[in-house]
Amino acid sequence: MMCENCEKHVTKALAEIGLTVKADHNANKAVIESGDADEESIKNAVNNAGYKFVGIEK
């Protein structure tokens with residue numbers, strides 16, 4: 001993510017699969033605040049929004 005618009009795109013893509021996230025382009029990550037989705041669904045949502053999914057930190 002490069003800017004605030006990128007944050008909005010990622011947030012929207014993940015909201016569409018039932019997640020509430022806090023996206024931060026400076027940290028280049030989105031933190032799941034609530035919701036439940038499997039890794040494959042998250043990966044597909046991020047990739048389909050035009051961004052690179054790099055994994056999940058636990």
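Bear in mind the structure is a predicted one, so any value in this text is a computation, not a measurement.
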Those residues that, when tested against Lys12, pass side chain to side chain contact (heavy atoms under 4.5 Å, CB included) (two or more places apart): Glu16
All pairs passing side chain to side chain donor-acceptor pair (under 3.5 Å) where residues 49-58 contributes a residue, at least two apart: His9-Tyr51
Heavy-atom closest pair, residues Ala30 and Leu14: CB-CD1, 4.3 Å
Rounded distance (nearest 0.5 Å) linking atom CG of Asp36 with atom CD1 of Ile17: 10.0 Å
Single hit among Asn47, Val10, Asn44 for side-chain contact (heavy atoms from CB on, under 4.5 Å) with Phe53: Asn47
Atom pair CD1/CD1 of Ile56 and Ile42 - distance to nearest 0.5 Å: 4.0 Å
Inter-residue atom distance Cys3.SG - Asn26.CG, 0.5 Å rounding: 10.5 Å
Minimum heavy-atom distance Ala13-Ala45, with the two atoms named: CB-O, 3.7 Å
Atom pair CG (Asn28) and CE (Met2), whose distance is rounded to the nearest 0.5 Å: 9.0 Å
Spacing of CD belonging to Glu7 relative to NZ belonging to Lys22, to within rounding of 0.5 Å: 6.5 Å
Connected hydrophobic set around Val31, excluding itself, where side chains approach under 4.5 Å: none
